[in-house]
Amino acid sequence: MSSQTDIILRLGDLAPNFTAQTTEGSIDFHQWLGTGWGVFFSHPADYTPVCTTELGVVAKYKAEFDKRNVKVIALSVDSLDEHKSWIHDINETQNTTVNFPLIADPDRQISLLYGLIHPNASENATVRSVFVIGADKKIKLIITYPASTGRNFEELLRVIDSLQLTANYGVATPANWKNGEDVVIVPAVKDEEIPARFPKGATFVKPYLRITPQPNL
Ligand code: BEZ
């Protein structure tokens with residue numbers, strides 16, 4: 001039996017396309033993404049304290065997202081008028097200027113498309129989820145937080161850095177890795193390919209654990 005809660009998106013799936021009304025005009029999501037990366041994040045509701053702080057932080061991180069060629073867009077089931085009015089509060093209280101679009105989804109169509117209504121949490125509010133979408137428009141990361149926990153956007157940037165290193169250089173990042181630290185060579189890279197692909201050298205800790213300096217520095 002199908003229901004409106006059946007949609008489950010998984011890593012590697014194409015991010016579903018949609019058209020939407022946003023605080024920066026109407027968009028076709030895939031066209032709006034263009035050829036870069038995207039962060040699509042939902043928040044439970046406008047005029048709520050944690051969400052107010054989150055959207056303020058995202059506005060302040062715009063230069064960090066731009067540097068990584070990432071466009072950011074938010075969504076909740078509130079109306080466009082509510083979004084526009086709430087943005088004044090965010091700007092005022094968080095000492096910033098919201099500089100990314102908020103999608104209005106009062107009929108919940110986009111929320112349902114992305115599985116953002118979890119009825120046992122709330123029938124009427126979106127969960128606090130975040131999707132990272134690659135340049136190929138495939139979903140690279142999905143995290144859903146409790147409504148009462150504001151996201152750590154530093155962690156989101158860290159994962160984007162890791163994903164982009166994997167996409168561009170064939171490396172993965174170890175536990176607690178931070179930008180600038182050594183990375184690991186993915187198993188798909190053969191030992192004999194390493195000198196050409198990783199001119200900074202590699203340390204073979206084990207045949208399957210090969211460390212190299214971060215290649216884009
Ligand atoms: C908030 O964004 O502040 C919030 C939303 C739902 C439940 C708890 C907090």
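Treat the numbers as computed from the prediction; the structure is a model and nothing was measured. Counting convention: from 1, in listed order, for ligands and their atoms alike. When a residue number appears, it is its place in the shown sequence, counting from 1. All values below were derived from every heavy atom in this structure, side-chain atoms included, with hydrogens, water molecules and symmetry-related copies excluded.
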Is the side chain of S42 donor-acceptor paired with the backbone N or O of T126 at a distance under 3.5 Å, no angle test? no
Taking 4.0 angstrom as the limit, do E64 and R68 come out as a salt bridge? yes
Hey, does P44 come in under 3.5 Å of ligand 1, counting only N/O atoms on both sides? no
Is the NZ or CZ atom of K71 both under 6.0 Å from the centre of the six-membered ring of W32 and within 45° of that ring's axis? yes
For atom 2 (O) of ligand 1, which candidate among S76, A125, C51 holds the nearest heavy atom? C51
What is the nearest protein non-hydrogen atom to atom 8 (C) of ligand 1, stated with its residue, atom name and distance? A147 O, 3.9 Å
Are D28 and N17 close enough that a side-chain donor and a side-chain acceptor fall under 3.5 Å? yes
Minimum-distance protein heavy atom relative to atom 3 (O) of ligand 1: V50 N, 2.5 Å
Can you classify the ring geometry of F40 versus Y114 as parallel (below 30°), tilted (30 to 60°) or perpendicular (above 60°)? perpendicular
Proximal atoms of ligand 1 relative to P49 (non-hydrogen, under 4.0 Å): 1 (C), 3 (O)
Could you see if L165 belongs to whatever hydrophobic cluster contains I160? Use Ile, Leu, Val, Met, Phe, Trp, Tyr and a side-chain cutoff under 4.5 Å. no
Looking at R128, which atoms of ligand 1 are within less than 4.0 Å of one of its heavy atoms? 1 (C), 2 (O), 4 (C), 5 (C)
Could you tell me whether some N/O pair between S148 and ligand 1 is separated by less than 3.5 angstrom? no
